[in-house]
Amino acid sequence: MDPRKYFDMLIDWKKLPAYRLETRIDSILGYYLKDILQDKLNKVVSLVIPEFPLRKGTLNPRNKLDPNRSEKADFYVRCQDGVNLLIEVKSASASRRVRQDEYLRLAQEIGMAALIEGLRQISTASRARHKYAHLRSKLLAGGLIDEDYTYTGISSAIQVIYIQPKTLGDKADITVIDFRTISEHLTARYP
């Protein structure tokens, strides 16, 4: 597989009506995410969790209507140096939503310990307890929580990263990894 041709194909197909790129690319990105982050950010990744739940009542304590529902970050990544990453994949560089940027900013402000407590609360309220039990087992195995569902990480700080087709004059404090960077990474690593 030629990664450049693959990503060029995805960019072309994204221009078609109703083509949903994010649902097709997330497993490929997830598979290579450790390598990409090591090359791009010089980070060694120890845990990757897709569709990481961010409890609405934790992000906004005034939310009384649906506090145990969640927003999702496309990926949560824990690095061996203790850095926590929330990664959002965008299929169009201009499709970033203010609401989404806002809940990711709120997640950064409250930190990982509060997000983990929110997960504990969702898991007790959810009908999908088996899925949250599996998430808990991954968090335990990754050393992110202890048996009491308490955050055990080195740092509660969170960095948000966007993966999107192109960098479009993003602010200096926003980290963006564009498709060209991923394509070049895959081409170099897997010629």
Side-chain angles (χ1 to χ4, degrees), residues 20-23 25-26 29-30 33 37 41 43 45-79 82-140 142-164 167-177:
R20 296 177 48 206
L21 177 62
E22 285 180 39
T23 57
I25 197 171
D26 71 335
L29 285 174
L33 197 53
L37 292 173
L41 303 177
K43 296 286 184 193
V45 172
S46 58
L47 180 64
V48 175
I49 297 177
E51 296 298 324
F52 192 77
L54 307 170
R55 183 177 175 267
K56 288 183 176 187
T58 302
L59 295 173
N60 179 2
R62 293 186 308 252
N63 182 337
K64 304 296 183 202
L65 295 176
D66 53 0
N68 288 318
R69 295 188 61 92
S70 62
E71 302 288 358
K72 306 284 188 296
D74 289 329
F75 293 98
Y76 164 76
V77 173
R78 181 177 188 196
C79 301
V83 172
N84 299 295
L85 307 173
L86 291 179
I87 298 177
E88 194 59 38
V89 179
K90 301 311 296 176
S91 58
S93 299
S95 73
R96 299 239 309 263
R97 299 183 328 258
V98 171
R99 189 179 133 265
Q100 189 174 50
D101 286 346
E102 179 63 15
Y103 72 69
L104 292 171
R105 186 191 59 75
L106 287 170
Q108 274 185 300
E109 283 181 12
I110 63 174
M112 221 36 226
L115 293 181
I116 292 296
E117 173 56 24
L119 274 178
R120 188 193 61 73
Q121 291 173 345
I122 292 174
S123 69
T124 6
S126 175
R127 290 186 207 173
R129 285 192 174 97
H130 64 286
K131 291 186 180 245
Y132 281 94
H134 185 68
L135 175 57
R136 181 180 184 271
S137 71
K138 291 185 84 53
L139 297 173
L140 269 168
L144 199 62
I145 63 170
D146 62 18
E147 290 292 334
D148 296 323
Y149 221 122
T150 303
Y151 179 67
T152 58
I154 298 168
S155 168
S156 194
I158 296 170
Q159 179 182 357
V160 175
I161 296 175
Y162 289 92
I163 295 176
Q164 59 193 42
T167 303
L168 296 177
D170 288 290
K171 298 176 190 169
D173 63 335
I174 294 176
T175 302
V176 172
I177 301 173

### Query
Mind checking what makes side chain to side chain donor-acceptor pair (under 3.5 Å) contact with Y132, not counting sequence neighbours?
none

## Note on the structure
Applying side chain to side chain donor-acceptor pair (under 3.5 Å) to K138 and not counting sequence neighbours gives none

### Task
Using salt bridge (charged side-chain N to carboxylate O under 4.0 Å, His left out) as the criterion, list what pairs up with E102, not counting sequence neighbours.
R105

### Residue pairs involving residues 117-131 (criterion salt bridge (charged side-chain N to carboxylate O under 4.0 Å, His left out); sequence neighbours excluded)
E117-R120

### Message
I'd like to know if the side chain of T58 and the backbone of L115 have a donor-acceptor N/O pair within less than 3.5 Å.
### Response
no

### Contacts of type side chain to side chain contact (heavy atoms under 4.5 Å, CB included), residue A157, not counting sequence neighbours
S155

### Message
Which residues pass the side chain to side chain contact (heavy atoms under 4.5 Å, CB included) test with T150, not counting sequence neighbours?
### Response
D146, D148

### Message
Taking side chain to side chain donor-acceptor pair (under 3.5 Å) as the definition, give me every residue that meets it alongside S70, ordered by chain and number, with sequence neighbours left out.
### Response
K72

### Task
Applying salt bridge (charged side-chain N to carboxylate O under 4.0 Å, His left out), name anything that partners E71, two or more places apart in sequence or on another chain.
R99

### Query
Of all residues at least two apart in sequence or in a different chain, which pass the ring pair (Phe, Tyr, Trp, His ring centres under 6.0 Å) check with F52?
Y76

### Task
With sequence neighbours excluded, give me every salt bridge (charged side-chain N to carboxylate O under 4.0 Å, His left out) pair touching residues 59-70.
K56-D66

### Query
Looking at residues at least two apart in the chain, or sitting in another chain, which of them share a side chain to side chain donor-acceptor pair (under 3.5 Å) with N68?
R55

### Task
Evaluate the side-chain proximity of I177 to L37: yes if any heavy-atom separation is below 4.5 Å, no if none is.
yes

